[in-house]
Structures are given as structure tokens and as C-alpha cells.
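Have a look at the structure below, then the notes.
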Amino acid sequence: MRTVFVRMIHHKCRQGFYAYNNVKRFEVPENKVPWSVEYPEYKPVEYTAVVLKGKPWADPEIGDVSFKPKWNTLDEKVNRKSFMGDYIINEEGYPLNPIGRTGIIGRGLLGRWGPNHAVDPIVTRWKQNATGVAEINKDTEKPILQFVAIQRRDSGEWAIPGGMVDPGETISATLKREFMEEAMNSLRKSKAEREELEKSIRKLFEKGEEIYKGYVDDPRNTDNAWIETVALNFHDDDNSVFGNVTLLAGDDARNVTWMDIDKNLNLYANHSDFIKKTVQKRDAH
């Protein structure tokens with residue numbers, strides 16, 4: 001049973017090279033992922049991206065005299081708690097990935113040691129034909145659901161338009177901000193235009209339904225830093241919100257679209273799992 005669990009949520013963060021660069025992960029067989037399993041040959045490469053140094057949103061190095069993190073708790077405004085329960089701090093003072101080995105130590109491209117909290121707003125609507133009637137799939141006889149998908153600038157993969165929670169920021173505020181930045185290009189608009197955009201989607205973002213909360217199988221994960229997320233579904237049932245809103249890619253997105261959902265979707269990290277759960281909740285094709 002343990003093997004199935006690991007394969008499901010700890011697969012993309014063990015593949016070949018680390019997150020779109022030439023740093024090779026140490027191979028971790030499926031049965032050697034858990035920390036409870038001895039693996040004396042394990043010699044992972046250490047990698048922390050240079051771009052993190054000195055950034056206000058990134059932690060200092062472990063051992064830095066100015067860095068005294070409070071693990072497994074709210075550390076001033078930085079949330080170091082994990083949805084997976086308390087994680088282990090090893091003898092050298094490094095937090096350990098709660099799922100297990102990834103073949104890379106250090107922080108990789110992630111700003112925080114330990115959990116890096118993100119959000120994923122799953123914005124959906126029913127696909128409609130030219131007359132405004134919901135399209136039904138002839139095989140399943142269920143309505144076809146669409147979601148707002150962005151194409152990531154770093155990997156080219158299609159994904160849910162999410163992002164990181166800023167210190168002290170509420171999850172609801174992050175969800176709306178990230179969606180506006182990535183799917184509505186709000187960063188390129190004036191303050192007045194941003195306020196108008198926020199007003200147009202405010203009602204929809206008041207009614208989110210939780211789809212998932214926990215660890216994410218993200219290619220940026222390492223043994224000492226990992227992504228956790230809250231994914232909420234915001235459903236525009238009659239297209240009254242997005243019938244009047246134009247999607248425009250921005251920030252970390254190179255493209256944005258309303259994407260039809262079907263069983264062949266292959267999305268970034270484990271976003272396909274979130275979409276599958278959303279389909280089940282909506283009883284859609």
C-alpha cells in the first residue's frame with residue numbers, strides 16, 4: 001500500500017534532472033523513497049539556485065547566524081507548518097521532505113526551507129455551444145467542463161494558474177491575486193484597471209470549494225524544500241462572470257485558455273489529479 005501512495009504523489013520530483021536544468025538527481029528507487037528505509041549508497045547532489053541569494057522572499061542558508069527558524073509552526077509571518085503533520089529536522093538542522101527522498105538536497109529553486117505554501121484556483125464553467133446551451137458528451141451523456149489553464153513560461157507545460165502565498169497573506173487573497181496576475185495580466189494594468197478587474201471576479205471568488213490540501217508532486221521539490229498547496233474550485237455555473245471577462249496571459253504565463261477537460265489531460269505537477277477531483281465534484285464528463 002505504501003508503494004502505491006508514493007508513486008501517486010512522489011513521482012515527478014524524482015525524474016532525471018532537476019526542474020528544467022542540468023543538475024542530475026541521484027536515483028531513488030520506489031522502495032527507497034521513505035526515510036525509514038536504509039539507503040547507505042544515497043549521495044544526492046546539493047543544489048540551491050544562485051538567484052535565491054539576498055531575495056526578500058527567500059530564507060538564508062541553514063547555519064547563517066541571522067537565521068533562527070521556528071520549524072513546524074507559524075514563524076512570525078512565515079508559515080512553516082505542513083499539512084502533512086510535523087516534519088523531521090535532521091542532525092544538521094535541515095527539514096526533511098515528509099514523503100521521502102528526491103535525489104537532491106538543498107532548496108533548489110524554492111525560497112523556503114521546508115514547506116513552501118502555494119494556492120491553485122481552479123476556475124471552471126460549462127462548455128456552451130453557439131446558442132449558449134451546455135454541450136453534452138455523447139459517450140458519457142454528461143456536460144463538458146472547461147477550466148482556465150495557463151501555459152507555464154519555465155517548462156511550457158499547461159497548468160492551473162496558481163502561485164506562492166506571501167508572508168502574512170490570506171489564502172483567499174493569494175488565490176484572487178495569482179489568478180489576476182497569470183490569467184488576466186493584472187500586473188501590466190493601472191491601479192484603476194486592476195480594481196475594475198478585481199470587482200468583476202469578486203463575487204465568484206467568494207464561493208470556493210476545497211478540492212485538495214496537501215503535498216504537491218512538483219519537479220522543484222528537494223529533500224529539504226517542497227511545495228504544498230490548497231486547491232479551490234470557483235465555478236461560474238451560468239458563465240455570468242466570464243462571459244464578460246477577457247483572459248490575457250501575464251506574469252509567469254506564456255499563454256492562457258479555456259481548456260476542455262477530458263481523461264487525456266497531462267498537466268504540470270499533479271494538477272491533473274486536482275482537475276479529476278473537480279470533475280467528480282461537478283459530475284461532469
Could you pull out all residues at least two apart from Asp262 that satisfy side-chain hydrogen bond (donor to acceptor under 3.5 Å, both in side chains)?
none
Would you mind listing every salt bridge (Lys or Arg N to Asp or Glu O under 4.0 Å) that reaches into residues 91-100, with sequence neighbours excluded?
none
I'd like to check Lys277 versus Tyr212 (side-chain heavy atoms, cut-off strictly below 4.5 Å). Are they in contact?
yes
Option passing side chain to side chain donor-acceptor pair (under 3.5 Å) with His235 (candidates Asn233, Asp237, Asp238):
Asp237
Which is it for Tyr42 and Val28 under the side chain to side chain contact (heavy atoms under 4.5 Å, CB included) test, yes or no, and what are the steps along the way?
CA-CA 8 Å; Tyr42 188 54; Val28 183; 3.8 Å; yes
Pro40 versus Glu38, closest heavy-atom pair with distance:
CD-C, 3.7 Å
How many angstroms lie between CD1 in Ile150 and CG in Asn255, if you round to the nearest 0.5 Å?
10.0 Å
Have Asn221 and Thr102 got a donor and an acceptor in their side chains that come within less than 3.5 Å?
no
Between CD of Glu178 and CD1 of Ile160, what distance do you get to the nearest 0.5 Å?
13.0 Å
Sorted by chain and residue number, the ring-ring contact (aromatic ring centres under 6.0 Å, His included) partners of His285 (sequence neighbours excluded) come out as none
Run the numbers on Val37 and Asn31 for side chain to side chain contact (heavy atoms under 4.5 Å, CB included), then give the verdict.
CA-CA 8 Å; Val37 176; Asn31 63 344; 6.0 Å; no
Any salt bridge linking Lys53 with Glu61? Criterion: basic side-chain nitrogen under 4.0 Å from a carboxylate oxygen.
no
Can you give me the closest heavy-atom contact between Gly208 and Phe234, atom names plus distance?
CA-CE2, 3.3 Å
On a heavy-atom basis, which atom in Asn72 and which in Gly85 lie closest, and how many Å separate them?
OD1-O, 4.2 Å
With a 6.0 Å cut-off (strictly less than), is the heavy-atom count around NZ of Lys12, excluding the residue itself, greater than 12?
yes
Counting only heavy atoms not in Leu187 (residues, nucleotides, ligands), do more than 12 fall under 6.0 Å from its CG?
yes
With sequence neighbours excluded, tell me which residues meet ring-ring contact (aromatic ring centres under 6.0 Å, His included) with Phe179.
Phe205, Phe242
Flag if over 12 foreign heavy atoms under 6.0 Å of CD, Glu41:
yes
Residues, nucleotides or ligands: over 12 heavy atoms within 6.0 Å of Lys199 NZ:
no
Note: with side-chain heavy atoms under 4.5 Å as the link, the other cluster members for Phe17 come out as none
Side chains of Asp166 and Thr174 in contact at under 4.5 Å (non-hydrogen atoms):
no
Any ion pair linking Arg202 and Glu198 (charged N to carboxylate O, less than 4.0 Å)?
yes
d(Gln146 CD, Lys127 NZ) to nearest 0.5 Å is 6.0 Å
Report the residue from Lys70, Arg80, Lys81 that forms a side chain to side chain donor-acceptor pair (under 3.5 Å) with Asp75.
Arg80
For the residue pair Glu135 and Gln128, what are the closest heavy atoms and their distance?
OE2-O, 3.8 Å
Between atom CH2 of Trp113 and atom OH of Tyr87, what is the distance when rounded to the nearest 0.5 Å?
12.5 Å
Quick one: do the Ser66 and Asp64 side chains pair a donor with an acceptor below 3.5 Å?
yes
Quick one: does Glu46's side chain have a donor or acceptor within less than 3.5 Å of a partner on Ile105's backbone?
no
Gln280 CD: over 12 foreign heavy atoms closer than 6.0 Å
yes
Nearest 0.5 Å please: distance from the CE atom of Met259 over to the CG atom of Leu145.
13.0 Å
In terms of heavy-atom contacts, does CZ of Arg254 have more than 12 from other residues, nucleotides or ligands at under 6.0 Å?
yes
Tell me, please, which residues at least two apart from Trp71 pass side-chain hydrogen bond (donor to acceptor under 3.5 Å, both in side chains).
none
Within the 3.5 Å criterion, strictly below it, is a donor on Tyr215 or Asn97 matched to an acceptor on the partner's side chain?
yes
Check the side chains of Trp226 and Glu228 for a donor-acceptor pair under 3.5 angstrom, ignoring hydrogens and angles.
yes
Minimal heavy-atom distance between Leu265 and Ile275, with the atoms involved, is CD1-CG2, 4.1 Å
Side chains of Trp258 and Val148: closer than 4.5 Å at any heavy-atom pair?
yes
If you take all heavy atoms of Pro56 and Arg112, which pair is closest and at what distance?
O-NH2, 4.5 Å
State the CZ-CG distance between Arg153 and Asp252, to the nearest 0.5 angstrom.
7.5 Å
With distance as the sole test, does Asp223 use its side chain to make a donor-acceptor pair with the main-chain N or O of Leu96 at under 3.5 Å?
no
Using distance alone, with no hydrogens and no angle criterion, decide if Arg220 and Asn116 have a side-chain donor and acceptor under 3.5 Å apart.
no
Is there a donor-acceptor contact under 3.5 Å from the side chain of Ser272 to the main chain of Leu267?
yes
